[in-house]
Protein chains: 2
Amino acid sequence: MRKESGIISLLKERANCKTCNLSNLCLPVGISEGDVDKLDSIVHRNTPYHRGDLLYKQGDRFRGLYVVKSGSVKSYYEDREGLEHVVGFFLPGEIIGLEAIHSGCYNCTATVLETTSVCEVPFEQLEQLTEEIPGLQHQLLRLLSKEVHNDCGMVALLGNNSAEQRVAAFLVSLSSRHHSRGLSSREFNLSMSRAEIASYLGLAVETVSRTFSRFQEKNLLMVERKNIQLLDINALSDIGGQCSTELHQRSGRRHA
Amino acid sequence: MRKESGIISLLKERANCKTCNLSNLCLPVGISEGDVDKLDSIVHRNTPYHRGDLLYKQGDRFRGLYVVKSGSVKSYYEDREGLEHVVGFFLPGEIIGLEAIHSGCYNCTATVLETTSVCEVPFEQLEQLTEEIPGLQHQLLRLLSKEVHNDCGMVALLGNNSAEQRVAAFLVSLSSRHHSRGLSSREFNLSMSRAEIASYLGLAVETVSRTFSRFQEKNLLMVERKNIQLLDINALSDIGGQCSTELHQRSGRRHA
DNA sequence: CGTAGTGTTGAGTTTATTCAATGTCGGTGG
DNA sequence: CCACCGACATTGAATAAACTCAACACTACG
């Protein structure tokens with residue numbers, strides 16, 4: 001078996017594969033196996049991080065992107081009072097640091113939620129590679145665009161107000177993101193704390209907790225600490241509104 | 001005077017210029033005047049749109065990006081009940097449609113708020129030009145990244161909860177965006193209705209209205225229908241929190 | 001001049017928050 | 001091995017914030 005490469009995930013955009021099969025991933029986007037080697041050569045494979053470790057801090061100079069190989073990451077920024085505001089969670093296959101290309105320094109802090117391994121992709125070198133690898137540029141643009149798309153969805157969601165809608169949409173999003181990595185969409189781990197969920201969704205911790213309980217009473221899910229099972233994804237999807245489906249699923253329509 | 005070009009705005013990222021002076025705009029980003037002509041040649045200059053006209057509809061095939069030359073645009077999506085959720089406003093110099101690169105079709109509807117002129121930039125041709133124009137690719141990536149950055153800010157803001165914070169941050173954002181185009185940061189036009197602001201900020205119309213009134217009582221601003229004057233931008237900026245400054249201003253620090 | 005669209009203001013209700021208490025898990029040290 | 005501690009999670013009760021409903025005001029426009 002070949003070394004698994006984080007950059008592959010970067011380019012493939014959640015193809016359905018558990019282990020990184022190169023030809024599966026790159027051919028469909030027009031990148032040959034030879035080119036994959038070039039990509040691989042610029043990627044740093046960091047040793048695993050542990051809960052609380054930082055990938056980068058708010059204000060650090062932009063070095064490159066990070067691709068989650070396993071585990072999960074949150075990104076947040078601190079306001080003047082030192083309060084933390086979570087702006088995103090990243091699961092395997094997802095890319096961190098895209099917002100820093102523009103200003104040349106990271107404007108969030110990225111920290112690891114559990115034992116996590118990531119690849120570091122130096123951005124300058126990646127940009128240079130676009131000259132050698134046809135199709136790479138297009139993939140990068142698509143990647144960025146997708147992030148914009150997801151964020152739009154988040155804005156719409158947070159404008160949706162009700163706590164139930166937000167929590168439901170959040171869960172459906174996690175579910176579909178797990179699914180797109182070939183993992184179970186029904187049962188997974190909440191690597192983030194209730195407080196982190198609350199911060200992300202703009203709710204109080206207690207509200208998140210109560211909403212979980214209410215969903216559980218309605219038999220929509222079963223949750224115990226970090227472990228969660230979605231019993232009725234359709235119902236949750238309905239509660240969450242279009243956001244939860246539209247926005248975090250690639251091409252798929254509604255779960256019918 | 002030379003024909004004004006929307007694509008210039010696209011590349012320059014809000015340099016401080018009222019009229020589009022080509023050399024000002026492009027040289028700093030490493031694009032020569034000759035290359036500007038190439039860019040100009042692919043841009044469609046549409047006749048002005050009027051309030052309510054659509055640039056594109058949710059679901060339309062992605063053709064290209066739109067750059068606002070004058071006027072303003074909102075983008076929103078309709079949920080299953082047909083309710084409108086505003087996800088963004090676009091002022092002169094800003095680019096619309098970035099979220100559609102990924103999926104190949106627009107997932108929001110973009111509509112014009114007042115008499116507005118825009119440029120249409122066919123995306124395929126723009127991508128091809130990156131081969132001829134060095135630096136163009138980098139600018140495109142930065143552009144997308146900036147959008148991600150702004151959206152992150154919006155997510156953080158909407159997680160910030162309080163109506164006052166949201167409205168204040170919104171106004172400061174508009175202010176600084178006007179400022180960066182060389183227009184007054186103190187007094188400008190709210191081309192969007194209260195309902196549109198409310199939808200964008202996830203508030204009720206009445207709450208927006210009341211918040212305006214409260215700010216006015218505190219002498220932070222003067223608002224009458226569409227016309228607004230910010231009397232104390234610092235104070236508003238403080239209320240809005242880091243988001244309002246951090247997130248919508250380029251390199252500048254707080255208004256000191 | 002009257003009407004429709006939009007914005008403001010008030011009163012009551014709903015929702016989510018805050019504050020406080022209690023419960024649960026996981027680790028550490030006696 | 002068990003008791004204890006701290007971090008995290010849940011639940012309840014009181015409070016505060018924003019929402020809904022409803023009335024009214026202003027402007028634009030025919």
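We use all heavy atoms of the structure for the numbers below, so side chains are in, but hydrogens, waters and symmetry mates are not.
- A/His85 pairs by the side-chain hydrogen bond (donor to acceptor under 3.5 Å, both in side chains) definition with A/Asp79, not counting sequence neighbours.
- B/Asn227 meets the side chain to side chain contact (heavy atoms under 4.5 Å, CB included) test with B/Glu187, B/Asn189, B/Gln229; sequence neighbours excluded.
- Not a single salt bridge (Lys or Arg N to Asp or Glu O under 4.0 Å) links B/Glu114 to another residue, sequence neighbours left out.
- Between A/His178 and A/Phe188, the ring-plane angle classifies as parallel under the 30° and 60° cut-offs.
- Rounded to whole Å, atom C1' of C/dT15 lies 11 Å from atom CG of A/Leu203.
- By the side chain to side chain contact (heavy atoms under 4.5 Å, CB included) test, A/Ser185 is found to be paired with A/Ser175, A/His179, A/Ile233, residues two or more places apart in sequence or in another chain being considered.
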What string of B, S and - do you get for nucleotides 2-11 of chain C, 5' to 3', when a contact is any protein heavy atom under 4.0 Å? ---BBSBBBB

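- For B/Asp232, the side chain to side chain contact (heavy atoms under 4.5 Å, CB included) partners two or more places apart in sequence, or in a different chain, are B/Leu220, B/Asn234, B/Ala235.
- A search for salt bridge (Lys or Arg N to Asp or Glu O under 4.0 Å) contacts involving A/Arg51 returns A/Glu196, not counting sequence neighbours.
- Pairs engaging residues 208-224 of chain A under the salt bridge (Lys or Arg N to Asp or Glu O under 4.0 Å) rule: A/Glu164-A/Arg214, A/Glu164-A/Lys218 [sequence neighbours left out].
- Here the range on DNA chain D touched by chain B, meaning any atom under 4.0 Å from one of its heavy atoms, is D/dA18 to D/dT27.
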